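Given the structure is predicted, the values throughout are model-derived calculations rather than measurements. Indexing begins at 1, ligand by ligand and atom by atom, following the structure's order.
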Amino acid sequence: MPSVSLPQIEHDFPELQFKEGEVFSWNPNSQTVYYEKLDSQEDLVQLLHEIAHAKLGHKNYQYDIQLIEMERSAWEYAVDTLAPKYGLTLSMDDDNIQDSLDSYRDWLHKRSLCPQCGAVGLQATSSSYKCINCHSEWRVNQAKSCQLKRYQIK
Ligand SMILES: [Zn+2]
Ligand SMILES: [Zn+2]
């Protein structure tokens, strides 16, 4: 069982809303942290990660690489600042943190591959990539922060 209760966390972050949701996520528009469940220490760690996005003021991003950067900085904040507050020992080397970051990197790599020739393309706009090899262009969907793991299981 987690060593910290949700009421404690709600008390510590009165500026944020906490609501049960389908996945762990952070909504900057309503300043709401959604949690899927809070049954285990792993769930608590994921909740701290979402709180880190909130405390760092993460909002929408334009380029995919910015999402990777937000993910990394949110984990760093969770590890360095939030976990010690709750007596948790986390490290950036923890498997679930590395797996999470890897899933974003894989996702970024896959969508950057040219569907025509397989070369790695460049992101042209928030929703399109361009191939510098064959000059194809392709569209991509905006991903929602922290929901990628779910789409990665293929
Ligand atoms: Zn190409
Ligand atoms: Zn995240």
Side-chain angles (χ1 to χ4, degrees), residues 2 4 6 9 13 15-38 40-83 85-86 88 90-153:
V4 187
L6 184 62
I9 286 182
F13 300 96
E15 69 279 23
L16 304 176
Q17 307 278 337
F18 291 88
K19 284 189 184 151
E20 208 169 337
E22 278 186 23
V23 289
F24 282 95
S25 61
W26 155 241
N27 184 330
N29 298 321
S30 59
Q31 296 283 300
T32 304
V33 169
Y34 290 93
Y35 56 91
E36 187 184 335
K37 55 188 171 53
L38 289 172
S40 66
Q41 181 136 318
E42 209 169 274
D43 296 337
L44 178 64
V45 167
Q46 192 63 45
L47 184 71
L48 294 184
H49 170 84
E50 303 307 335
I51 294 171
H53 278 305
K55 299 308 286 178
L56 294 170
H58 287 168
K59 293 196 174 80
N60 300 327
Y61 61 94
Q62 189 171 7
Y63 294 106
D64 295 344
I65 196 79
Q66 294 171 314
L67 177 61
I68 309 269
E69 179 52 33
M70 288 197 294
E71 283 306 303
R72 200 183 51 76
S73 60
W75 278 120
E76 280 174 358
Y77 190 87
V79 166
D80 296 338
T81 306
L82 299 176
K85 206 170 139 79
Y86 296 107
L88 291 171
L90 290 183
S91 155
M92 287 302 284
D93 295 330
D94 288 351
D95 282 349
N96 62 338
I97 295 179
Q98 283 304 316
D99 287 352
S100 168
L101 290 172
D102 281 348
S103 76
Y104 281 89
R105 290 188 202 105
D106 289 349
W107 164 82
L108 175 63
H109 181 68
K110 272 184 202 146
R111 65 205 244 127
S112 70
L113 293 179
C114 174
Q116 295 300 320
C117 76
V120 173
L122 296 174
Q123 191 166 15
T125 69
S126 64
S127 60
S128 71
Y129 274 78
K130 221 177 195 159
C131 180
I132 47 170
N133 184 43
C134 74
H135 307 292
S136 294
E137 274 188 59
W138 60 100
R139 299 190 69 76
V140 291
N141 296 323
Q142 189 90 350
K144 266 190 167 180
S145 281
C146 298
Q147 298 192 11
L148 294 172
K149 250 205 236 176
R150 175 161 291 232
Y151 303 123
Q152 283 301 313
I153 305 163

S.K.: Answer yes or no for Lys85 and Phe13: cation-pi contact, defined as NZ/CZ to six-membered ring centre under 6.0 Å and angle to ring axis within 45°.
M.R.: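 Yes; both conditions hold, so Lys85 lies above the ring face of Phe13.
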S.K.: With the Zn ion (ligand 1) at the center, what angle do SG from Cys131 and SG from Cys117 span, rounded to 10 degrees?
M.R.: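 It rounds to 100°.
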S.K.: Would Cys134 count as a contact for the Zn ion (ligand 1), in the sense that one of its N, O or S atoms lies under 2.8 Å from it?
M.R.: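 Cys134 does place an N, O or S atom closer than 2.8 Å to the Zn ion (ligand 1).
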S.K.: Determine which of the N, O or S atoms in His53 is closest to the Zn ion (ligand 2) and give its atom name.
M.R.: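 Restricting His53 to its N, O and S atoms, the minimum distance to the Zn ion (ligand 2) goes to NE2.
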S.K.: Determine the minimum heavy-atom distance between Tyr129 and Asp64, stating which atoms define it.
M.R.: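 So the two residues come closest at OH-OD2, 2.6 Å.
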S.K.: Whether the Gln46 and Glu50 side chains hold a donor-acceptor pair (N or O, under 3.5 Å, no angle test) is what I'd like checked.
M.R.: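 Short answer, yes.
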S.K.: Rounded to the nearest 10 degrees, what's the angle OE2 of Glu71 makes with NE2 of His49 at the Zn ion (ligand 2)? Could you check?
M.R.: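 Between OE2 of Glu71 and NE2 of His49, at the Zn ion (ligand 2), the angle is about 130°.
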S.K.: I'd like to know if the side chain of Gln66 reaches the main chain of Gln62, judged simply by a donor and an acceptor atom lying under 3.5 Å from each other, with no hydrogens or angles considered.
M.R.: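 Confirmed, Gln66 side chain pairs with Gln62 backbone.
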